[in-house]
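First up is the structure itself, then whatever we jot down about it.
We count residues from 1, following the sequence as given. Counting starts at 1 for both ligands and their atoms, in listed order.
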Amino acid sequence: MKCKVCKDKAEIYLRSHNIALCRKDFIKFYERRVMRSIEKLKMFTRGDKILVAISGGKDSLGLLHLLQKLEYDVTGYYINLGIDGYSDVSQNKVKAFSHSRGILIIIEDIRVAWDSGIGELAKRVRRPPCSLCGMVKRYLMNRAAVKFDVMATGHNQDDETATLLGNLLRWDEGYLARQSPVLKQKGSLKKRVKPLSFITERESAAYALMEGIDYIMEECPLAKRATSLFYKGILNQLEERMPGAKSRFFNGFLEYQKSHPLVEEEEPLVACVRCGYLTTSEVCNFCRLEEKIKH
Ligand code: SF4
Ligand code: ZN
């Protein structure tokens, strides 16, 4: 198969766009699409200080690499979650990435404060690991983002589509109202953006490989029970039968949201009496967790 642009040998065929591209033209095509999302949705500009949340995986490292390449002011932020056989491997990948590219990466390790990893903590407080992990990551990221203008995450279109399916199945209007590639700043909670929202997981993996990024390929071992993986499987089956179904589903939702905005019933946010984090109750979930762990 030949590259549609230069007629050299193609390295990737993108079924939903019906084009085959060589390495050089795929990289250009990919970067142009990410840039278009950043500009069209006014995610950030070159004057902004951007904190990029990274896990050591293809999406987040690929995003950090791309933003540095396009001369944005970026800093990485990595949380070691203390997951056996996984977190230390991903942290080593992150460190090697940081050294090879000269990008500053802030590294946080939850075991320093709590002496155990997320799996152990989840057992102790009797919560599903992913729900606890999500809350802890959100808190720490928001806290780290205070000194920045915006926080970017590497969620791709497959992640967003799986989340959308889950939100629709539960008919969760609050989450549906908040599902967007751009979340505006709310008080001390900085603006959050997802520049890869329109990029598929396969494209993101291809970009990382073609750009020579050494990322962690294994899934988090605690993800096995995650419903999001189940939804991704169902959506992949749909895509197989109906190419382009995932992007039509996700883009259709975003378009519909523009003309029929769901209004989130917002509880007023107040500062946590312990740590000052914006929350809907007197003490935030993170401080309550800390208290539970101490006891
Ligand atoms: Fe955390 Fe669950 Fe993701 Fe593992 S799969 S990093 S536990 S949210
Ligand atoms: Zn608090």
Side-chain angles (χ1 to χ4, degrees), residues 52-61 63 76-94 107-111 113-114 116-146 151 153-156 158-163 166-167 175 186-190 192 194 196 201 204 215-233 267-295:
V52 183
I54 50 171
S55 63
K58 61 185 185 320
D59 306 305
S60 53
L61 288 185
L63 175 64
Y77 180 66
Y78 171 82
I79 306 168
N80 185 315
L81 296 159
I83 299 168
D84 285 344
Y86 178 75
S87 294
D88 291 337
V89 181
S90 63
Q91 179 167 327
N92 287 339
K93 301 265 183 205
V94 164
I107 295 184
E108 192 128 27
D109 190 330
I110 65 161
R111 291 169 301 187
W114 291 332
S116 29
I118 210 76
E120 177 62 27
L121 288 175
K123 276 187 207 145
R124 271 159 63 186
V125 299
R126 296 197 185 94
R127 255 180 92 164
C130 291
S131 122
L132 182 73
C133 181
M135 186 276 280
V136 168
K137 283 194 290 197
R138 249 188 328 274
Y139 180 92
L140 294 175
M141 282 177 199
N142 280 322
R143 194 172 71 180
V146 166
M151 182 171 74
T153 58
H155 293 92
N156 62 41
D158 291 65
D159 300 324
E160 289 302 295
T161 315
T163 304
N167 289 340
Y175 280 124
K186 236 189 218 177
S188 58
L189 300 176
K190 289 294 166 76
R192 272 181 292 158
K194 300 170 187 169
L196 306 185
E201 198 150 299
S204 168
Y215 61 89
I216 183 158
M217 297 207 184
E218 295 83 36
E219 284 279 355
C220 164
L222 302 178
K224 287 196 188 100
R225 278 166 284 163
T227 10
S228 59
L229 287 185
F230 174 63
Y231 293 151
K232 277 189 181 178
E267 283 183 64
L269 291 175
V270 289
C272 164
V273 292
R274 306 254 166 88
C275 71
Y277 185 72
L278 284 185
T279 173
T280 48
S281 49
E282 198 183 326
V283 179
C284 76
N285 284 335
F286 189 86
C287 288
R288 267 191 260 162
L289 173 72
E290 282 205 307
E291 202 171 296
K292 252 191 187 172
I293 294 167
K294 264 190 229 146
H295 295 121

ask   = Below 4.0 angstrom, N of the basic side chain to O of the carboxylate: do D88 and R111 qualify?
value =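 The answer is yes: the pair qualifies as a salt bridge.
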
ask   = Angle at the Zn ion (ligand 2) between SG of C287 and SG of C284, to 10°?
value =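 The SG/SG angle about the Zn ion (ligand 2) sits at 110°.
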
task = To 10°, measure the SG(C272)-the Zn ion (ligand 2)-SG(C275) angle for me.
result =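 With the Zn ion (ligand 2) as the vertex, the angle is close to 110°.
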
ask   = Does any N or O in the side chain of D158 come within less than 3.5 Å of the main-chain N or O of E201, such that one atom is a donor and the other an acceptor?
value =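 A pair under 3.5 Å: yes.
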
Shortest protein contact, atom 1 (Fe) of ligand 1 (heavy atom only) =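 Protein heavy atom with the smallest distance to atom 1 (Fe) of ligand 1: C133 SG, 2.3 Å.
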
query = What protein heavy atom sits nearest atom 2 (Fe) of ligand 1, and how far away is it?
reply = C130 SG, 2.3 Å

key: Numbered atoms of ligand 1 (with element) below 4.0 Å of K137, judged on heavy atoms   =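 Counting from 1, the qualifying ligand atoms are 1 (Fe), 3 (Fe), 6 (S), 8 (S).
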
ask   = Any N/O/S atom, backbone or side chain, of C220 lying under 2.8 Å from atom 4 (Fe) of ligand 1?
value = yes

Interatomic distance, I110 atom CD1 to K137 atom NZ [nearest 0.5 angstrom] =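 If we round to the nearest 0.5 Å, I110:CD1 and K137:NZ are 10.5 Å apart.
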
task = Check whether more than 12 heavy atoms from other residues, nucleotides or ligands sit under 6.0 Å from atom CG of N92, and answer yes or no.
result = yes

message = Before we go on, tell me: are the rings of Y139 and Y277 under 6.0 Å apart, centre to centre?
response = yes

Residue portion contacting ligand 1 (non-hydrogen atoms closer than 4.0 Å) for A223 = both

Residue portion contacting ligand 1 (non-hydrogen atoms closer than 4.0 Å) for E219 =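 Neither; no heavy atom under 4.0 Å.
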
inquiry  = Please tell me whether S90 and Y78 have a donor and an acceptor in their side chains that are separated by less than 3.5 angstrom.
reply    =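 Y78 and S90 do have a side-chain donor-acceptor pair below 3.5 Å.
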
